[in-house]
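Take a look at the structure set out below.
Proteins get letters first, then strands, A, B, ... in listed order; numbering begins at 1 in each. In this text the structure is predicted, and so the values were computed from the model without any measurement. Only heavy atoms go into these numbers, but all of them, side chains included; no hydrogens, no water, no symmetry mates.
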Number of protein chains: 2
Amino acid sequence: MARSGTGGSKAATLNDVARMAGVSLATASKAINGRDQVAPATRQRVIEAAEQLSFTPNSLARSLIAGRTGTVGLLTSDLEGRFVIPILMGAEDAFGAGQINVFLCDARGDTIREQHHLKALLNRRVDGIIVVGRQTDPRPSLGQGLPVPVVYAYAPSDDPSDVSVTPDNVAGGRLAVEHLLSTGRRRIAHITGDPEYAAAQDRTIGVRAALAEAGLDLVGDVMMSSWSEHWGRAAAGMLLDQHPDVDGIVAGSDQIARGVIDTLRDLGKRVPEDVAVIGYDNWEVLALNSRPELTSIDANLQQLGRTAAMRIFDAIDDGEPDPGVHHLPVRLVIRGSTIERR
Amino acid sequence: MARSGTGGSKAATLNDVARMAGVSLATASKAINGRDQVAPATRQRVIEAAEQLSFTPNSLARSLIAGRTGTVGLLTSDLEGRFVIPILMGAEDAFGAGQINVFLCDARGDTIREQHHLKALLNRRVDGIIVVGRQTDPRPSLGQGLPVPVVYAYAPSDDPSDVSVTPDNVAGGRLAVEHLLSTGRRRIAHITGDPEYAAAQDRTIGVRAALAEAGLDLVGDVMMSSWSEHWGRAAAGMLLDQHPDVDGIVAGSDQIARGVIDTLRDLGKRVPEDVAVIGYDNWEVLALNSRPELTSIDANLQQLGRTAAMRIFDAIDDGEPDPGVHHLPVRLVIRGSTIERR
DNA sequence: CTGTTAGCGCCTTCAA
DNA sequence: TTGAAGGCGCTAACAG
């Protein structure tokens, strides 16, 4: 009786199928793989035998011959970070469509473990590797000598001869300000997260640039501290204290935006009538449950994952790397925190 | 010049190493794998040659011989769901420690795609499969005939002869009530999510049981609707309207709890002095940014992932399935929403 | 159309 | 202590 787990007899091999169908190994192979040098009747017999034995071709053997495994490694530094998940999804999706399977490796921010995983991936002869970082700050390159193409996603490599894809945070900052301007705001402030993050710096650059182009200045200084709701609340309090006439706030993250909105309500300011607030990340759990719902910048991370996958595809086939850091477009998602409901 | 991507000459094979070291293939193999029938000097020479050529043993060839690949499949129905991620992390971690690599497959809730991925995993000769669902409701079994052990995590299989691990939601409900009771609350209400979810039902059972044991009744009916902050706000409004004397609320999720707390503040109720609120999931982004921070039930999902991995390990080695649904313990995390800060 | 032969890269007897 | 030979499961030339 075939118990589930370690079920009795081993998996059927092509040899078994051939014998059962009364043909040679080679013929069975051709029949199964749809080669056209085989009589219809024979093919039919082989296929039936295969079904009978519930034959499954052994990918290992195939890969050994082909020199390609149809697998790629997804090397992440931190699965916990919520930015890597959509990227993973996008990549897995793109590869899945191309009959490629994905090895998931989480280095947990540890270089040793990363090296260890890298080695394992190479032993397994993956056809390519995507390295997904948790921040947009550049990270150390895995090096140039690797036998397979590598693409860095989200966190670009610090070596310009590597291929990297990362969201365009400067454009995101611009987009946020341009949107606020388009709703008639003129006294705009910027509250954002940890200044150690490139994301904070880049978005700020975009914010400043867009304001400058409109001939405006930021209201107060950029307020930078942490990516939390707590900071959003505190900063908004200080801001309104010093500049009660502010009419638009660009928050560096949706969490900060939530905090900002909380404080504004506490202070009796209406959003968006008195002050418009725009977040960043379009993290739906936060954005959709906010009162009012949060306008935000979406970094298209799933798309970014797909793009990384495509670049690996190309590198595997053509071998045309196109090195450098590629900044991918971001997207404005408009909700009630910047535009009044009618 | 060895360009990064599809770098020049192919990877070195054991044959190359043997030739360079001036020994036979067999001897090289023994030397590299630490077999003891080889002279120290010879071994040294082989190892040096291997390093020179940066030789990497081809896992495919090894697996072909060994009949085990040292890989497992992680078949998830929905990567987006935030519950699968910690489970993934736990499993990946446990396997990583055992030199096993993980194939990640996201079926996106589609049965066809799931079958497709399953087939691919079997072709690749994974040694085992973990199926991770996004809800705790039972899901269809993959079937009994599979040639490798399967463990279902979070969403148990509907076939009791399969092995499943899932959090103990009934115990979670109990735990929440017992905690509120221990802080002196007696008029306890329960606001939870979608009644279609087993999670909502099971937690409610636990809540009722714990109250009954204390000789108490729930204040009002269980309020079930959706897992959102919006619902938490609305429900709390209705509840306080009908039962202004309530002094403890068990929320079915942290999101609901956040909504509840929001409304309580709007109504001028102090948390936890007037009303204690406990959430569920211990989703830190929400729990830690709440005012006050949220007491919650943590389902130990990472541990659950590890457990699933362990069971696969065991099944691969021993072949002792121990079928049935195993309910894993949950954990209370106490914060400011149920206990006053001193 | 079908079968025979030679590997893919590696490990493991078994002789020498 | 070393090497030659067989085979893991499959495919891709070749002959028949």
Side-chain angles (χ1 to χ4, degrees), chain A residues 9-47 49-50 53-71 99 120 122-127 147-148, chain B residues 9-47 49-50 53-71 119-120 122-127 147-148:
Chain A
S9 48
K10 295 202 165 185
T13 135
L14 189 57
N15 223 322
D16 303 335
V17 176
R19 204 176 318 144
M20 179 173 229
V23 296
S24 80
L25 193 63
T27 308
S29 172
K30 289 169 196 161
I32 295 230
N33 294 327
R35 296 261 168 287
D36 51 357
Q37 312 125 325
V38 50
T42 315
R43 161 162 300 148
Q44 192 54 34
R45 247 185 317 141
V46 172
I47 290 180
L53 298 167
S54 65
F55 165 77
T56 331
N58 187 328
S59 302
L60 298 174
R62 280 188 172 168
S63 303
L64 196 54
I65 296 171
R68 291 152 117 272
T69 54
T71 62
Q99 313 286 356
L122 294 178
N123 285 347
R124 294 203 186 278
R125 296 297 190 267
V126 293
D127 295 332
V148 294
Chain B
S9 49
K10 294 202 166 185
T13 135
L14 188 56
N15 223 325
D16 303 334
V17 176
R19 203 175 320 143
M20 178 173 231
V23 296
S24 81
L25 193 66
T27 308
S29 171
K30 291 169 193 160
I32 295 229
N33 294 326
R35 295 263 167 285
D36 51 359
Q37 315 125 323
V38 51
T42 316
R43 160 161 300 146
Q44 193 54 34
R45 244 183 321 136
V46 172
I47 290 180
L53 299 168
S54 65
F55 165 77
T56 331
N58 187 327
S59 301
L60 297 173
R62 280 189 169 168
S63 302
L64 196 54
I65 297 171
R68 289 152 119 272
T69 53
T71 61
K119 204 166 180 178
L122 294 178
N123 286 347
R124 294 204 186 278
R125 295 301 190 263
V126 294
D127 295 332
V148 295

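- Summarising the geometry of A:Phe55 relative to A:Leu14, their closest heavy-atom pair is CE1-N, 3.3 Å, with the distance given to 0.1 Å.
- With sequence neighbours left out, the side-chain contact (heavy atoms from CB on, under 4.5 Å) criterion links A:Arg125 to A:Thr69, B:Ala11, B:Thr56, B:Asn58, B:Leu60.
- The salt bridge (charged side-chain N to carboxylate O under 4.0 Å, His left out) analysis of residues 53-63 of chain B, with sequence neighbours excluded, yields no pairs.
- For A:Arg68, the salt bridge (Lys or Arg N to Asp or Glu O under 4.0 Å) partners are A:Asp317, not counting sequence neighbours.
- Annotation: side-chain contact (heavy atoms from CB on, under 4.5 Å) contacts of A:Arg124 (sequence neighbours excluded): A:Phe103, B:Ser59, B:Thr71, B:Asn101.
- For the helix from C:dC1-D:dG16 to C:dA16-D:dT1, the angle separating the two terminal helix axes comes to 50°, with each axis derived from five pairs and the value rounded to 10°.
- Contacts between residues 14-25 of chain B and DNA chain D, counted as heavy-atom distances below 4.0 Å, involve B:Val23, B:Ser24.
- Ranked by how close their nearest DNA chain C nucleotide is to the 5' end, B:Thr13 and A:Arg45 are led by A:Arg45.
- Mapping heavy-atom proximity under 4.0 Å, the span of DNA chain D touched by chain B runs 5' to 3' from D:dT1 to D:dG9.
- Using a 4.0 Å cutoff to heavy atoms of chain A, the contacted part of DNA chain C runs 5' to 3' from C:dC1 to C:dG9.
- With sequence neighbours left out, the salt bridge (Lys or Arg N to Asp or Glu O under 4.0 Å) criterion links A:Asp16 to A:Arg19.
- DNA chain C is contacted by A:Thr27, A:Lys30 of residues 27-36 of chain A, taking any non-hydrogen atom closer than 4.0 Å.
- Here the straight-line distance linking atom CG of A:Asn15 with atom CE of A:Met20 works out to 13.5 Å at 0.5 Å rounding.
- B:Gln44 CD to B:Ile47 CD1: the interatomic distance, rounded to the nearest 0.5 Å, is 5.5 Å.
- A:Arg43 pairs by the side-chain hydrogen bond (donor to acceptor under 3.5 Å, both in side chains) definition with nothing, not counting sequence neighbours.
- Sorted by residue number, the members of residues 61-69 of chain A with any non-hydrogen atom under 4.0 Å from DNA chain D read A:Ala61, A:Arg62, A:Ile65.
- Residues A:Asp127 and A:Val148 come closest through the heavy atom pair O-CB, 3.8 Å.
- Among all heavy-atom pairs drawn from B:Val17 and B:Ala50, the shortest one is CG1-N, 3.8 Å.
- Residue contacts shown for B:Ala39 are limited to sugar-phosphate atoms, with no base heavy atom under 4.0 Å away.
- Put simply, the side chain of B:Arg45 reaches to within 4.5 Å of the side chain of B:Thr42, judged on heavy atoms.
- Of the inter-residue distances, the one linking B:Arg35 atom CZ with B:Thr27 atom OG1 reads 13.0 Å to the nearest 0.5 angstrom.
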